[in-house]
Amino acid sequence: MSGTIGILNGPNLNLLGTREPELYGHETLADVEKLCRDAAAAHGFDVDFRQSNHEGVLVDAVHEMRETVGGIVVNAGAYTHTSIALRDALLTFPGPVVEVHLSNVFAREEFRHHSYLSDIAAAVIVGCGPLGYRFAIDLITARWS
Ligand code: DQA
């Protein structure tokens, strides 16, 4: 597997740390990026860490990552519940995709219970906060590298 893991973050995740901290915690996206870099480095991997508020930018990122990364960790934010385009893009990715959500989406509003990504993901990790990203990286490196 490629020595790089792609980490894709969707809309509003740039506001982590100040956005609804009772739900998402006080750690910023920069903290999450550092956690991911450290977790990947522990297994000898690099990360390509991205965030966008725009659906098409996330789709383009998946297209790029088809050529450059071995696995993808995706927290698509609200696009999880709406985006067939992101689902279709991820379906073209040949490696494992692990879906992560900081919060336990199943303990929240009903519209968050449906994901366009879960049934095409190799694994889904919810409700673990930023640690979920680490678990996803550990899983990808342990199972597919
Ligand atoms: C989220 C859950 C989504 O429902 C929400 O729209 C987000 C964050 C999470 O990490 O818990 O933006 O993906």
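One is the number of the first residue; the rest follow in order along the sequence. All values reported here derive from a predicted model rather than from experimental measurement. We count ligands from 1, going down the list as the structure has it; atoms in each ligand are counted the same way.
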Salt bridge (charged side-chain N to carboxylate O under 4.0 Å, His left out) partners for Glu110, two or more places apart
none

Ligand 1 N/O to protein N/O, distances under 3.5 Å:
residue  : atom   : partner : partner atom : Å
ligand 1 : 4 (O)  : His81   : NE2          : 2.7
ligand 1 : 4 (O)  : Arg112  : NH1          : 2.9
ligand 1 : 6 (O)  : Ala78   : N            : 3.2
ligand 1 : 6 (O)  : Arg112  : NH1          : 3.1
ligand 1 : 10 (O) : Asn75   : ND2          : 2.9
ligand 1 : 10 (O) : Leu102  : N            : 2.8
ligand 1 : 11 (O) : Leu102  : N            : 3.3
ligand 1 : 11 (O) : Ser103  : N            : 2.9
ligand 1 : 11 (O) : Ser103  : OG           : 2.6
ligand 1 : 12 (O) : Arg19   : NH1          : 3.2
ligand 1 : 12 (O) : Arg19   : NH2          : 3.0
ligand 1 : 13 (O) : Asn75   : OD1          : 2.8
ligand 1 : 13 (O) : His101  : ND1          : 2.8

With distance as the sole criterion, is a donor-acceptor pair present between the side chains of Glu99 and Ser115 under 3.5 Å?
yes

Which residues satisfy the side chain to side chain donor-acceptor pair (under 3.5 Å) test with Asp38, sequence neighbours excluded?
Lys34

Taking the six-membered ring for Trp, are Tyr24 and His26 ring centroids under 6.0 Å apart?
no

Any donor-acceptor pair under 3.5 Å linking the side chain of Tyr133 with the backbone of Ile7?
no

Taken in chain and number order and not counting sequence neighbours, the residues that satisfy salt bridge (charged side-chain N to carboxylate O under 4.0 Å, His left out) with Arg108 are none

